[in-house]
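Structure first, then comments.
Just so it is clear: chains get the letters A, B, ... in the order the sequence lines come, proteins before strands, and each one is counted from 1.
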Amino acid sequence: MLYINCPHCGMRSQNEFSYGGDASVKRPELNKEVSDQEWDNFVYNRKSLRGKHLELWQHISGCRQWIKVERDTATHEIFRTFKADEEVA
Amino acid sequence: MTQAFRIENGGLINRDKKLSFKFNGKTYLGYEGDTLASALLANGVHLVGRSFKYHRPRGFFGAGVDEPYAVVQLYRNGETEPNIKATEQELFEGLEAKSVNCWPSVNFDIGAINNFLKIFLPAGFYYKTFMWPKSFWYRIYEPFIRKAAGLGVASTKHDKERYEHKYEYCDLLIAGSGPSGLAGAYAAAKNGAKVILAEDKPRFGGSLLTSDVNIGNQSGKDWAEGIIAELKTMPNVVVKNRSQIFGYYDHNMLVMSEKVSDHLPSTKKYHPNKRLWYIRAKEVLISSGSIERPIVFGNNDTPGVMLSSAAKEYLKVYGVLVGRKPLVFTNNDSGYETAIEFKKHGVDPVVLDSRKNPESEIIDEAKNLGINVKNSYVVVAAQGYKKVKSADIASISEDKKQLGKIENIQCDCICVSGFWTPTIHLASQSGNKTKFKEEIDAFVPGQSKQNEITLGAANGVFSLEETLKTSFTAGSELSKKITENDNKVAIPNVVEKKSSQHDKFWCVPLPKGKNYKRFLDFQNDVAVSDVEIALREGYRSIEHVKRYTTLGMATDQGKTSNLNGLQLVSEIENKVVPAVGHTTFRPPYTPVSIGAIVGREVGKHSKPTRKSPMHSWHEKNNAVFVDAGVWLRPRYYKRGDENLFEGSKREAKNVRANVGVCDVTTLGKIDIKGPDAAELLNRVYTNAWLKLPVGKARYGVMLREDGIVMDDGTTTRISENHYHMTTTTAQAANVLSHLEYYLQLVWPELNVNVVSTTEQWAGAAIAGPKSRDLLQKLFPNSDVSNEGLPFMGYMEGDLFGAKARIYRISFSGELAYEVNVESDYGNFMWEKIMEVGEEFKIQPYGTEALSTLRIEMGHVAGSELDGRTIPFDNALEGLVSKKKDFIGKRSLQRSAFIAEDRQRIVGVVPLDKQTSIPEGSHLVKDDKAPLPNPKLGHISASCWSVEYDNPFSLAILKDGKNMIGQKLFAMSPLKNKVIPVEIVSSHYVDPKGERVRS
Ligand SMILES: [Zn+2]
């Protein structure tokens, strides 16, 4: 079970969180023309990469904040965590 | 019965307390502190079972967790449990156990015929033989394998025992209470670290209980007892016996199974049977010790052949002689320690040492005691069927290839020592890449992967002095990092005998003309010849050899067999062992009860049960409950001997005729506040929200980004910047997360707060033509007329002193209202509604009547919003704004979603107006068409229309828009029904929706 450092609450076990997928996905702006390809990329297409992955988790049984977690998908090592509005350098 | 093999004195058992137990129906006596194995051995019982494949007689091989043979079926307090190791099961009064894998009895076993047909069962036998003919599989092969296989029978009864889960955090977790674990725990505890020390056996001390050493001028055993006693007094230390750490998972999470009650005749009241600990440790000290490995020789599975360390443990811990004429066969000094213990108790052992001329203090001591030692000698084969009667022995050449003349000597047990294998399972599970240590012919942990350190015998260090030194130091250093204390602990002086180098010898060659079975894996019956076959047939990877031969795949996970298997492969392949590599160590290290893994989450406890504030009223009024997600909701209120059909029909009819009240507390409720609340709703829902006036409610549909309907419900504008959203019962949590996602990540610029208020409000839906009259009486000071409170209106009111929110919304299609009060007043509200409603013939109605009412009105619910439908499919396209953008809008342009013949909701009526259509039935054009019959749609919900008194269903049907009036067939192969039906409008009752506005 992963041990995730919630930037708001501190170290908490994985079972307090729910997974939210790739954090690098950006929703197209509202009221903007979007091509089929762009829309498909937003809704469906994901990389499923091996290695460092920036992903979303929600601390549902804690502060209910969505956070970003930089995790290695092969080793499960967690490098850094960020608040939702924090820029990832 | 006498315990003929129990010595007069000695051992750590309690001789004041005799215990009576039964094995295979026969009664025996043992002592408190015995295991089932030690008690049986005290009574001279060596035959405990039959082997897995050949059904050869099986005895005891070890004295603990490594035991491959003595697996029994246990009976305790009216329950039964399979796969119990007799070497681990503590004796209690009244214990009953039986052998497994034998039929009809352990002494006469039919399956043993396999032993004489062993040509029939070589490696890969299952793969090769049972492949064909295919028709034989079900009738012959599978029943045969099923009967022959298995390590006992699982109980079919409900398990009365309780199992607990516990989450724990500590600075230092220590796996194993041998010298290394004790030293590490003591040093860390003195530094104020929070320490958990886990020991799988009942007694702490590990090897110190049986070794002949001194620590700080005391015996090793006394020193261990002193340390444990002191640790137990320290508030920062938890010491746990009978507790096996069986898995090392990610981020330093380890799981431990604590046997709380298995050693007692029955579990104490309020106590669990087992407790599963999830431990998050900052640092982990793996001090899991080592397991003696056997030397392979002919018939080495005969009962009476056992590990020399086990023989010593039976003697020193339990006061039991495993034989009176022992033969010790060793390639190192450990065998001598066992021989010395025998000699001290008046038994004369013979020692066969494969080494030519070893010299050490221990060997000198043995010789000085007059023990008969034969150097360069080996056991060629054990003789005897159900028990060792003698051994064929021979001298062996220095290159270990040539045997001398074979002699036969009488013996009643053969104690084998092939040196020691470090227990590296936990280190390996943590991700540590192990390395091969040439000096000990075994793998040890390499570079630490997580925060783990492996010390002592588990790390291949067999010197007590070095083990204590490194472990005290590690305990101090690891704890110093965490607590910043630096309390030095003096390392005690150690007296131990120096050993000589072991012999790298593990398998006795076959003598000419003999074809003895030489077993590697004792539980799965894998012999040297099986591995040879696998390699001959081209299997090279050790993982493949393992699966083909099943070597190391039994419940003991090859604790005594893996290394010898590797030695054999490396020898045949002419590779060094590290090049062959070992198979993966996977948790659990030992079998763990399913009950312990499940914990308290069984039956009604598998998820929380939520009850509305009116639950006790429903109970008192004969409600029959149904699970709705995690909620318990009344399905109907039973009157007399009404069944569900009759009761729900009565309730639904009364709503249409008079007035009914339904508990709708379970609906999800979300409070939405902030200046941008309307903008959020406008983006989340498909319809327009910017112009909803204060005091008005609106129905809305929300989509996922892929265009599929996520949920529906009404949202009410309570005041300028304050909205009250309702969701379906099932989607409440998802919708909240959905809103939080967009507010926190996508549109953080929106100034809105959302919070769940599902628990804060109790809700009652009042529906029926007389609902307004009732409402007026409930709120005499409010104007609830059609003008004062129009359809989709909202007002606040005073319900006999309780503040209430009144919404004029309807799910039933009737004139209806929903009244909410704070949860604490829920029951008060309900009782008032029933009391005042009496003159209007009010009846409470449950979810079944609620369903009926919404189905015949064509209102969609979860069965239509099933994660596969878009607004059009549910006839909700009128609510999809063409002007503004919203979540999921772009997806609605997908070609499949705008196809001409897109599926759509319709009503379905059976032609005979009699036969109810099972939900899930497929709609087809031709009921006689060959399979697979093309499916046009499916029945999503069915009811008995109370308006028309005939069955009515909703369906999602291809090209539904153009199918009204068509005749189709509803087919349910599950219910074996074919029903001719007609497609009608989904709005079966009141298609213009006049009633809700009346
Ligand atoms: Zn948090």
Side-chain angles (χ1 to χ4, degrees), chain A residues 1-5 7-8 10-45 55-61 63-69 71-78 82-86, chain B residues 165 167-169 247-255 278-282 430-431 449-451 670 679-680 682-684 703-708 733-734 736-750 753-756 881 883-895:
Chain A
M1 202 189 303
L2 306 185
Y3 206 28
I4 301 171
N5 187 10
H8 308 280
M11 298 300 296
R12 300 299 178 101
S13 273
Q14 184 185 343
N15 50 1
E16 293 186 12
F17 294 83
S18 77
Y19 184 66
D22 189 342
S24 66
V25 175
K26 284 261 178 297
R27 192 193 191 280
E29 271 176 54
L30 288 167
N31 300 306
K32 212 182 122 191
E33 239 350 76
V34 186
S35 72
D36 284 352
Q37 188 59 56
E38 281 174 87
W39 189 255
D40 278 356
N41 285 344
F42 161 61
V43 178
Y44 299 106
N45 299 332
E55 55 201 16
L56 294 170
W57 290 77
Q58 189 186 15
H59 195 187
I60 45 164
S61 303
C63 61
R64 293 208 60 93
Q65 293 302 301
W66 284 89
I67 61 168
K68 297 175 196 165
V69 175
R71 182 181 68 104
D72 190 306
T73 56
T75 65
H76 295 318
E77 185 178 351
I78 291 176
F82 307 87
K83 292 178 185 170
D85 57 0
E86 237 176 297
Chain B
H165 283 186
Y167 289 81
E168 195 55 86
Y169 296 80
Y248 198 136
Y249 300 91
D250 289 314
H251 297 186
N252 259 28
M253 157 78 77
L254 293 95
V255 185
Y278 292 90
I279 304 171
R280 187 82 68 175
K282 288 198 180 115
S430 87
K449 179 71 182 175
Q450 300 197 37
N451 294 357
I670 298 170
E679 179 60 30
L680 174 71
N682 208 44
R683 296 178 184 188
V684 165
L703 308 186
R704 311 189 309 218
E705 291 286 16
D706 64 0
I708 299 290
N734 291 344
L736 183 66
S737 264
H738 182 71
L739 298 180
E740 287 164 338
Y741 174 87
Y742 285 94
L743 285 173
Q744 293 172 26
L745 292 160
V746 186
W747 304 312
E749 68 278 9
L750 292 185
N753 264 309
V754 293
V755 65
S756 165
S881 168
K883 290 185 196 134
K884 57 138 194 178
D885 201 359
F886 53 84
I887 293 169
K889 185 176 189 182
R890 180 66 177 78
S891 290
L892 295 180
Q893 295 172 23
R894 290 178 61 193
S895 54

Heavy-atom cut-off 4.5 Å, strictly under: side chain, backbone, both or neither for [X] against chain A?
X	value
B:Arg704	neither
B:Tyr167	side chain
B:Leu743	neither

For [X], which atoms come within 4.5 Å of any heavy atom of chain B: side chain, backbone, both, or neither?
X	answer
A:Leu56	side chain
A:Ser13	both
A:Leu2	both
A:Asn31	both
A:Val43	side chain

Got a second to check how far [X]'s [atom1] is from [Y]'s [atom2], nearest 0.5 Å?
X	Y	atom1	atom2	answer
B:Lys449	A:Glu77	NZ	CD	7.0 Å
B:Gln450	A:His76	CD	NE2	10.5 Å
A:Arg64	B:Leu736	CZ	CG	4.0 Å
A:Ile67	B:Leu745	CD1	CG	10.5 Å
B:Arg280	A:Tyr3	CZ	OH	6.0 Å

- Query: Which one of A:Asp40, A:Thr75, A:Asp85, A:Ile78 has the most heavy-atom pairs closer than 4.5 Å to chain B?
  - Reply: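 Top option by heavy-atom pairs under 4.5 Å: A:Ile78.
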- Of the listed residues (A:Lys83, A:Gln58, A:Lys26, A:Gln14), which shares the most heavy-atom pairs with chain B below a 4.5 Å separation?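 Answer, by heavy-atom pair count under 4.5 Å with chain B: A:Gln58.
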- Message: Taking salt bridge (Lys or Arg N to Asp or Glu O under 4.0 Å) as the definition, give me every residue that meets it alongside A:Glu55, ordered by chain and number, with sequence neighbours left out.
- Response: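 In terms of salt bridge (Lys or Arg N to Asp or Glu O under 4.0 Å), with neighbours along the sequence ignored, A:Glu55 is linked to A:Arg71.
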- Message: Are more than 12 heavy atoms, taken from residues, nucleotides or ligands other than B:Glu749, located less than 6.0 Å from that residue's CD atom?
- Response: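 Yes - once you tally the heavy atoms of other residues, nucleotides and ligands closer than 6.0 Å, there are more than 12.
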- Task: Answer yes or no: is there a donor N or O on one side and an acceptor on the other, between the side chain of B:Gln744 and the main chain of A:Trp66, under 3.5 Å?
- Result: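 Confirmed, B:Gln744 side chain pairs with A:Trp66 backbone.
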- Query: Quick one: does A:Arg27's side chain have a donor or acceptor within less than 3.5 Å of a partner on B:Tyr742's backbone?
  - Reply: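 Not at all, since once roles are kept as given, no pair shorter than 3.5 Å links the two residues.
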- B:Arg890/A:Asp36 ion pair, N-O < 4.0 Å: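 A salt bridge is present here (some side-chain N lies under 4.0 Å from a carboxylate O).
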